[in-house]
Novice: 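Sharing a structure, written as structure tokens. Questions coming.
In what follows, chains carry the letters A, B, and so on, assigned in the order in which the sequence lines appear, proteins first and then strands, with residues in each chain numbered from 1.
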There are 2 protein chains.
Amino acid sequence: MSDALHLNNQLCFKLYTASRLVVRGYQPMLKELRITYPQYLVLMVLWQAHEEASLPLSLKALGDKLHLDSGTLTPLLKRMQQLELISRVRSEIDERQLKIDLTAGGLELKPKAESWRAKLREPLLCHEQQLRELASQLDDFIALLGE
Amino acid sequence: MSDALHLNNQLCFKLYTASRLVVRGYQPMLKELRITYPQYLVLMVLWQAHEEASLPLSLKALGDKLHLDSGTLTPLLKRMQQLELISRVRSEIDERQLKIDLTAGGLELKPKAESWRAKLREPLLCHEQQLRELASQLDDFIALLGE
DNA sequence: ATCAATTATATTGTGCACAATTTATTTTGG
DNA sequence: CCAAAATAAATTGTGCACAATATAATTGAT
């Protein structure tokens, strides 16, 4: 049969599709918050760092968590600064580093995101166990590919 | 604790990360074949259609399989035409439709991709069952989100 | 037969991803 | 101390994704 290259047999395509579908699901929230999905990911890192009192974060530290480099983050963070969600300041200790911090505006979005997240999860509640399994398998897979 | 928005607890972020990691894994093949990952997906659809003797495909039919619209596909297919991997011809029956067909050049890449795929899977062979599970769970998840 | 609705593709504009290179700063080994 | 290596960001350039809109061909209901 030789369907090795059959699209629907390819894990890569399933991941690509699932990832885009999820982002699509976030659109109502993102539209209301007036941010993009990658910007939402950045905010999640910063909200979390805020909880842990480890703000500000360098661009590098942020990029390590998201697996993104300065080529992606530099323009993205400039846009977020324009939106007054974050601040971008050179470290005085090490002039190479750019310190990223949350502004009041960026912090304000957190409770809104939390309530949206609850709302978006609602239709999936009855599949909680299935989602937990998927998440766990993805963790293994990501570890397998070398993280 | 309130770690609902913790990055590592978010399925969406795992999918986003896993998807990008896989594409990264394909880079050696893509570099040799001188194509991008989305172009590889298009070729997979066309190779499969070729097997089923259902070429040419309209842009619409291609987009339905990949869940991509003309905004993405039109420029992508134009580039693939430049690379002489595909042909783009208006349907004579319905002038709205653009028929996409494989060229000899596009067909030539298939055996190369097949052998690359075998090589790329090699290090994962011992996790065959785990990958099959993940694929199956992704199918369920994609169906859950409405496909 | 005609025109309104539908369908297929193209276009425009924004924002990632990422490879490759550049610039500036800091660290380190001799 | 100093030059070479390492590190952190920025820049440049290409190619998706996708929303929104435009254009043109076809269909369908009257």
Novice: Under a 4.0 Å threshold between the charged nitrogen and the carboxylate oxygen, would A/K112 count as salt-bridged to A/E108?
Specialist: no
Novice: Base, sugar-phosphate, or nothing: which does B/K78 touch, judged by heavy atoms less than 4.0 Å apart?
Specialist: sugar-phosphate
Novice: For the CZ atom of B/R117 and the OH atom of B/Y40, what is their distance to the nearest 0.5 Å?
Specialist: 6.5 Å
Novice: Rounded to the nearest angstrom, tell me the gap between atom CG in B/L57 and atom C1' in C/dT9.
Specialist: 16 Å
Novice: Give the rounded distance in Å between these two atoms: CG of B/L98 and C1' of C/dA10.
Specialist: 10 Å
Novice: Walking along DNA chain D from 5' to 3', note the first and the last nucleotide with an atom under 4.0 Å from a heavy atom of chain B, and give both.
Specialist: D/dG15 to D/dT26
Novice: Which is more 5' along DNA chain D, the nucleotide nearest A/L73 or the one nearest A/V23? Just name the residue.
Specialist: A/L73
Novice: Do B/R24 and B/Y26 meet the cation-pi criteria used here (NZ or CZ under 6.0 Å from the six-membered ring centre, within 45° of the axis)?
Specialist: no
Novice: How close or far is atom P of C/dA10 from atom CZ of B/R79, stated in whole angstroms?
Specialist: 13 Å
Novice: Counting any heavy atom closer than 4.0 Å, what does B/T36 reach on the DNA or RNA strands: base, sugar-phosphate only, or nothing?
Specialist: sugar-phosphate
Novice: If you look at every strand shown and take non-hydrogen atoms under 4.0 Å, does A/L77 touch a base, only sugar-phosphate, or nothing?
Specialist: nothing
Novice: Is there a donor on the side chain of B/R96 or the base of C/dT9 sitting less than 3.5 Å from an acceptor on the other?
Specialist: no
Novice: If you pin A/L68 and B/S58 to their nearest nucleotides in DNA chain C, which one's is more 5'?
Specialist: B/S58
Novice: Can you check whether B/L73's main-chain N or O pairs, donor with acceptor, with B/S70's side chain at less than 3.5 Å?
Specialist: no
Novice: Any ion pair linking B/K99 and B/E92 (charged N to carboxylate O, less than 4.0 Å)?
Specialist: no
Novice: Are A/E114 and A/K119 ion-paired here, with the side-chain N under 4.0 Å from a carboxylate O?
Specialist: no
Novice: Need one value for B/L30: base, sugar-phosphate or nothing, where a base atom within 4.0 Å counts as base even if backbone is also close, heavy atoms only.
Specialist: nothing
Novice: Considering heavy-atom distances to DNA chain D, does B/L76 or A/K31 have its closest nucleotide positioned more toward the 5' end?
Specialist: B/L76
Novice: With a 3.5 Å cut-off and just heavy-atom distances, do the side chain of B/S70 and the base of C/dA10 make a donor-acceptor pair?
Specialist: yes
Novice: Measure the spacing between CG of A/L41 and OH of B/Y16 and express it to the nearest 0.5 Å.
Specialist: 5.5 Å
